[in-house]
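Starting from 1, each residue takes its place in the sequence as its number.
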Amino acid sequence: MESNQEKVVHINKEIEEKQEVVEGAQEERTAAAETPAPAPAKAGKDMGKAALFISILTVLLLVVFFYALNRNVAGLADEVQELGQLRGQVATLDDKMVQFEDKLKILDTVPAIAKRTMLRSMVQDLSQRAAFISKEVEDENQSQQLQQAIELLDKVQQGFGD
């Protein structure tokens, strides 16, 4: 039985030793957690310089972006103004095209007008010749017939209109 008791004692000693090691490790962790590690002073100064540099760089980038955006907006305003001028020019050209088309329509009627003028002139010429002949003939009957022809030619001439 002694051997069992010795084994139990021996196991108890091992357990006690392990508990002491665990307790010591816990005390070291607690002590390490309670005392913060001192921060190096130089690292704080370097971080301040880096933050200042980043903030200055950010301000410079904002100025550059603002200038570029402002320039783009000014360019857009100029283009919009030019577009308005182009619309005005297009409207003027449309008016000129309407006037030109009206003149072309008049030119389309020129052959008909010229034909009427030519026919009126020919009828007038015939009327004048008949009047001349009616004065030259000696027969009264022929003179009356020529006067009737002249009246008919005058009516035809009036039918062509002006």
message: Has Ser143 got a side-chain atom pairing as donor or acceptor with Asp139's backbone, closer than 3.5 angstrom?
response: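 Absent.
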- prompt: Would you say Ser121's side chain and Thr117's backbone share a donor-acceptor pair under 3.5 angstrom?
  reply: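 Not confirmed, Ser121 side chain does not pair with Thr117 backbone.
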Steps toward side-chain contact (heavy atoms from CB on, under 4.5 Å) verdict (Gln157, Asp154): CA-CA 5 Å; Gln157 187 178 1; Asp154 286 342; 3.9 Å; yes
Working to the nearest 0.5 Å, report the span between [atom1] of [X] and [atom2] of [Y].
X	Y	atom1	atom2	result
Arg129	Leu153	CZ	CG	12.0 Å
Leu52	Leu57	CG	CG	11.0 Å
Phe65	Asn70	CZ	CG	15.0 Å
Gln147	Lys135	CD	NZ	9.0 Å
Asn141	Leu146	CG	CG	10.0 Å
Glu82	Arg87	CD	CZ	13.5 Å

query: Is there a chain of hydrophobic side chains (I, L, V, M, F, W, Y, each step under 4.5 Å between heavy atoms) that links Ile133 to Leu126?
result: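 Shared cluster, no.
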- prompt: In terms of hydrophobic clusters joined by side-chain contacts under 4.5 Å, are Ile150 and Leu152 together?
  reply: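 No, Ile150 and Leu152 fall in different hydrophobic clusters.
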- prompt: Do Ile106 and Asp102 pass the side-chain contact (heavy atoms from CB on, under 4.5 Å) test, and can you show the C-alpha distance, the side-chain angles, and the key distance before you say yes or no?
  reply: CA-CA 6 Å; Ile106 291 171; Asp102 290 342; 5.6 Å; no
What pairs of donor and acceptor atoms, side-chain ones from residues 72-79 against any protein atom, are under 3.5 angstrom apart with sequence neighbours left out?
none

CD/Glu14: more than 12 non-hydrogen atoms of other groups inside 6.0 Å: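 Check passes, neighbour count above 12.
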task: For residues Leu119 and Arg116, determine if any side-chain heavy atom of one lies less than 4.5 Å from a side-chain heavy atom of the other.
output: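 Result no, sub-4.5 Å side-chain heavy-atom pair not found.
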